[in-house]
Amino acid sequence: MSAQFLLVFAVAALVLLYRAPSIRCGLMVAVLGSSVVLYHSVGSFYLALLLALISVLILPYLLLRHRKEGLALFCSLALLGVFSVAFAWGTYDLPSLVMGLLPGSSGAGAGGEAVSAVIGTQQPLSLQPLLTVASLPVVWLGILGAVSMISGKPKLPLGLAQATLLLWCAMLYLGSRTAESGFPQRFESDLGVPLAVLASLALVTLFRSFAPGEKHAWGTMTSAVPLLALVLVGIQAGLNIQEAAASKGGAILTPPVATAGEWLKEHNTGGNIAATPKFGNVPERAVLAMGGYAGLQSYKAKRVKTPRSLPPSGIGEIEDANWVLYHPADERTARILKKYDIRYLILSKQYPPVNWRDFEKRTNLYHKNYENEAVIILAPRALNGS
């Protein structure tokens with residue numbers, strides 16, 4: 001939602017602003033860009049880096065040479081910054097983070113701790129995963145599109161749009177090559193997005209060579225290139241479809257899990273739920289989202305021991321959720337259920353670390369509300385009065 005959808009539309013809105021500065025386009029940039037902050041921290045990181053590059057490399061030029069466009073971009077970025085700070089104020093504990101940057105401070109709050117836990121802790125992968133995620137045709141066509149942009153001398157506003165796209169692509173590539181970005185593997189996988197845009201531009205340019213009377217510098221052999229590109233893209237698309245059809249589940253909701261999620265949504269009376277970390281290959285966050293709940297999240301034991309995997313809010317709720325799943329009749333479990341107002345326990349029958357039968361047989365503590373071949377949903381009797 002953040003890096004592969006909203007950020008893309010924010011860049012598109014920037015291109016519109018370059019072409020026709022207006023209040024409407026400026027608001028589009030501010031609203032779409034700042035909404036990235038609401039969804040994911042890594043997407044917010046991409047946004048901050050890209051806007052910093054634009055502010056340093058593009059904005060000064062516009063303010064000096066094209067005052068109207070420069071002022072429009074400045075006001076739009078300023079409004080985007082105000083919205084982003086408002087959205088991130090509580091989520092990322094910005095006050096503590098800012099205070100932690102000052103000399104003599106003792107800590108940077110949850111946001112600062114989350115940042116320090118990831119910087120330098122994930123090593124970059126080879127470029128092979130990029131070829132798997134984006135596909136070889138998209139990578140080669142993307143490189144061709146970037147080369148054609150760099151070699152050309154377009155006028156405004158096309159030049160600004162191309163510069164923004166190249167900055168976006170370069171930012172993700174450089175971030176994927178260093179552990180200091182904190183998320184090199186995410187940078188690499190999301191690099192496929194601007195590469196796909198560059199590839200589409202290259203493909204359009206190649207197909208234009210078919211047009212009668214179109215002049216190009218690549219000679220008569222150029223007419224074969226679009227056909228070859230189309231064949232390569234078609235073959236890759238066929239392979240992707242074949243691989244998806246052969247996939248045994250993947251990170252896709254199965255009908256039993258989807259049905260359990262629908263039941264949760266229909267019976268959502270507030271409070272929270274606790275669920276096993278996985279439902280097949282689907283994370284418990286999908287079940288939380290389907291039921292309309294915000295918590296509690298549970299993690300695998302191995303993931304809890306990895307600081308970079310933890311959310312900015314810390315480990316407290318995760319430890320409590322995990323305790324409930326492994327201690328159905330403990331006094332601490334009763335306190336946790338009451339503390340977080342946990343209305344339901346959603347347990348996967350295909351997640352061996354958690355024995356769902358331990359909960360089902362304790363009929364004095366839990367009432368079974370729903371069950372199918374993959375999922376069982378129980379309600380703590382102490383909280384539901386049954």
Side-chain angles (χ1 to χ4, degrees), residues 1-17 22-56 58-59 72-102 105 107-119 164 167-168 171-172 175 181-183 186-187 189-190 193-194 270 272 283 285-286 288-297 308-318:
M1 180 62 75
S2 61
Q4 300 178 5
F5 184 80
L6 289 172
L7 184 57
V8 177
F9 274 86
V11 172
L14 267 174
V15 172
L16 290 177
L17 184 67
S22 65
I23 295 176
R24 179 175 179 271
C25 288
L27 286 174
M28 283 176 59
V29 172
V31 172
L32 286 170
S34 60
S35 63
V36 172
V37 178
L38 296 171
Y39 286 87
H40 206 281
S41 55
V42 180
S44 303
F45 188 28
Y46 296 161
L47 175 71
L49 289 176
L50 180 59
L51 295 184
L53 291 172
I54 291 172
S55 299
V56 171
I58 294 179
L59 182 59
L73 180 60
F74 174 80
C75 293
S76 180
L77 294 180
L79 186 60
L80 190 157
V82 171
F83 286 166
S84 298
V85 169
F87 296 156
W89 189 265
T91 303
Y92 299 106
D93 195 12
L94 287 188
S96 298
L97 179 59
V98 172
M99 293 300 295
L101 297 176
L102 299 177
S105 100
E113 292 173 2
V115 171
S116 62
V118 300
I119 298 299
T164 299
L167 286 174
W168 183 17
M171 173 197 75
L172 290 178
S181 67
F183 306 91
R186 293 293 297 270
F187 272 77
S189 63
D190 291 330
V193 179
N272 287 295
R285 285 180 294 179
L288 290 169
M290 285 189 296
Y293 292 92
L296 300 175
Q297 285 193 62
R308 64 171 294 113
S309 298
L310 302 178
S313 57
I315 196 174
E317 291 187 5
I318 294 172

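For clarity, every value in this text was computed on a predicted model and none was experimentally measured.
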Exercise for the section: Would you please test Leu38 and Leu6 for side chain to side chain contact (heavy atoms under 4.5 Å, CB included) and show each step? Expected result: CA-CA 10 Å; Leu38 296 171; Leu6 289 172; over 6 Å; no
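For the pair Leu14 and Ile54, the minimum side-chain heavy-atom distance is below 4.5 Å. Using a 4.5 Å cut-off on side-chain heavy atoms (C-beta onward), Gln297 and Glu317 make no contact.
Under the side-chain contact (heavy atoms from CB on, under 4.5 Å) criterion, Ser55 pairs with Leu77, not counting sequence neighbours. Residues passing the side chain to side chain donor-acceptor pair (under 3.5 Å) test with Ser189: none are found, sequence neighbours excluded. With sequence neighbours excluded, the residues forming a side-chain contact (heavy atoms from CB on, under 4.5 Å) with Phe5 are Met1, Phe9, listed by chain and number. The side-chain contact (heavy atoms from CB on, under 4.5 Å) check on Val85 picks up Trp89, Leu94, with sequence neighbours excluded.
Within the model, atoms CG of Leu172 and CG of Leu167 stand 11.0 Å from one another, a figure rounded to the nearest 0.5 Å. A distance of 10.5 Å separates CD1 of Ile58 from CG of Leu51, quoted to the nearest 0.5 Å.
When all heavy atoms of Thr164 and Val11 are compared, the pair lying nearest together is CG2-CG1, 4.2 Å. Shown here for Gly26 and Ser76, the closest heavy-atom pair between the two residues is O-OG, 3.0 Å. Across all their heavy atoms, Val8 and Val193 have their closest contact at CG2-CG1, 3.5 Å.
Within 6.0 Å of the OH atom in Tyr39, the count of heavy atoms belonging to other residues, nucleotides or ligands does not exceed 12.
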Using distance only, find each side-chain donor-acceptor pair of residues 28-37 under 3.5 Å and give its atom names and separation, not counting sequence neighbours.
residue	atom	partner	partner atom	Å
Ser34	OG	Ala30	O	2.6
Ser34	OG	Val31	O	3.3
Ser35	OG	Val31	O	3.2
Ser35	OG	Leu32	O	2.6

Hey, can you pull the donor-acceptor pairs under 3.5 Å for the side chains in residues 42-50, sequence neighbours left out?
residue	atom	partner	partner atom	Å
Ser44	OG	His40	O	2.8
Tyr46	OH	Arg186	O	3.1
Tyr46	OH	Phe187	N	3.4
Tyr46	OH	Asp190	OD2	2.8

